[in-house]
Amino acid sequence: MHEIVVNLHMHTRYSDGTGTHKDIAQAAIKAGLDAVIVTDHNVLVQGVEGYYRLDRSASNSPRTSRVLLLVGQEVHDQDRDPQKNHLLVLNTNRDLSTLADDPQTLINGVAEAGGLSFIAHPRDPEAPAFNETDISWEAWEVQGYTGIELWNGLSELKTVLHTKLHGAFYAFFPQFIGYSPIRETLQRWDDFLAEGRRVVAIGGSDAHALDMHMGRLHRVIFPYLFHFRTVNTHVFIPEPLTGDVPTDKKMIYDALAAGHCFVAYDLPAPTCGFTFKGKGLEQSAIMGDEISSKRGVTLQAHLHQPADIRLIKDGRLVGAWRDSQACAYTATEPGAYRVEVWRSYLGRKRGWIFSNPIYVR
Ligand SMILES: [Zn+2]
Ligand SMILES: [Zn+2]
């Protein structure tokens with residue numbers, strides 16, 4: 001398996017972002033990403049997918065010289081007040097925003113079109129100081145979606161925007177924002193897993209490169225480049241990226257559909273090299289896979305540098321290893337086992353890695 005770093009959920013001028021697809025590609029290459037998935041609101045932008053190369057004028061030499069840019073969309077009912085229930089729709093060839101007025105119809109439509117659907121910013125609090133309303137997901141009765149956006153960069157920002165002064169502080173020191181997925185979202189995911197459901201977790205930046213005006217001060221806050229160095233989704237694909245767009249696109253979407261990925265906060269230190277595997281009597285599994293519990297399954301996690309590892313089964317902590325680079329646990333009971341890794345950064349212990357579960361059945 002090959003690990004690639006993907007940033008997904010972001011907006012351009014086609015909706016409420018300020019940059020272009022080319023701006024995003026350039027920032028992504030500078031951040032060392034392998035792929036980005038652009039998701040403008042209620043529009044499927046055609047003709048921009050493909051590999052982008054670094055501008056010759058760029059001065060530094062980043063880790064990669066190209067990035068794969070893919071396009072999905074973020075769909076919600078614009079006639080609804082407040083405008084809740086945002087769904088990330090990936091890997092469809094047609095615009096599905098016409099189905100926006102009913103979340104279940106939309107999810108069914110995505111599945112029929114062979115696409116993937118992720119509940120965007122499941123809990124997204126209001127930020128009254130900035131006239132931002134609560135746009136959480138409310139239609140929790142829906143079925144048949146691929147997964148949820150466990151960690152959304154913008155929702156997390158809204159949790160700390162208590163006053164305009166907080167906004168100004170975080171605009172200049174955004175590295176202090178990242179802490180962990182919102183607790184309620186994490187709890188809801190664990191509840192689903194404990195019910196035996198398969199729900200894939202992804203991390204989204206919700207990057208807009210917003211323009212901020214305060215008096216005569218004008219600044220692009222949270223530029224794409226910053227977002228691309230923070231909450232990413234690390235995806236495991238069977239072969240290295242080939243450079244052929246249809247082949248690579250299929251590998252990425254197949255892996256996301258299977259949950260072969262983890263959510264990472266890459267700002268404190270790169271998370272590349274993290275693994276979480278299960279070994280049974282006859283089978284082995286990576287995150288997202290199912291494996292038989294017969295005669296026990298050895299679950300192992302590895303990191304490239306020490307941090308605090310927590311193993312969680314159906315929402316319950318079953319093992320903790322402080323300041324460790326590896327851990328092992330024998331699972332004899334069926335359940336969804338997932339790993340969280342926490343580490344210190346800027347004076348605070350912060351969430352660093354949230355794996356998808358290994359489903360021991
Ligand atoms: Zn949204
Ligand atoms: Zn968005």
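None of the values given here were measured: they were computed from a predicted structure. For ligands, and for the atoms within them, numbers begin at 1 and follow the listed sequence. Throughout, numbering of the chain's residues begins at 1 and tracks the sequence.
Excluding waters, the protein N/O/S atoms found under 2.8 Å from the Zn ion (ligand 2) are His9 NE2, His11 NE2, Glu74 OE1, Asp206 OD1.
For the pair Pro125 and Thr159, the tightest heavy-atom approach, listed with the atom from each and the gap, is CG-CG2, 3.7 Å.
The backbone N or O of Glu138 lies less than 3.5 Å from a partner atom in the side chain of Asn85, making a donor-acceptor pair. When atom types are taken as modelled, the side chain of Glu156 and the backbone of Pro181 share no donor-acceptor pair closer than 3.5 angstrom. A donor-acceptor pair is defined here as one N or O able to donate and one able to accept, closer than 3.5 Å; no such pair exists between the side chain of Gln300 and the backbone of Ala326.
For Phe276 and His302, the gap between ring centers reaches or exceeds 6.0 Å.
With 3.5 Å as the limit, one finds no donor-acceptor pair spanning the side chains of Thr242 and Asp244.
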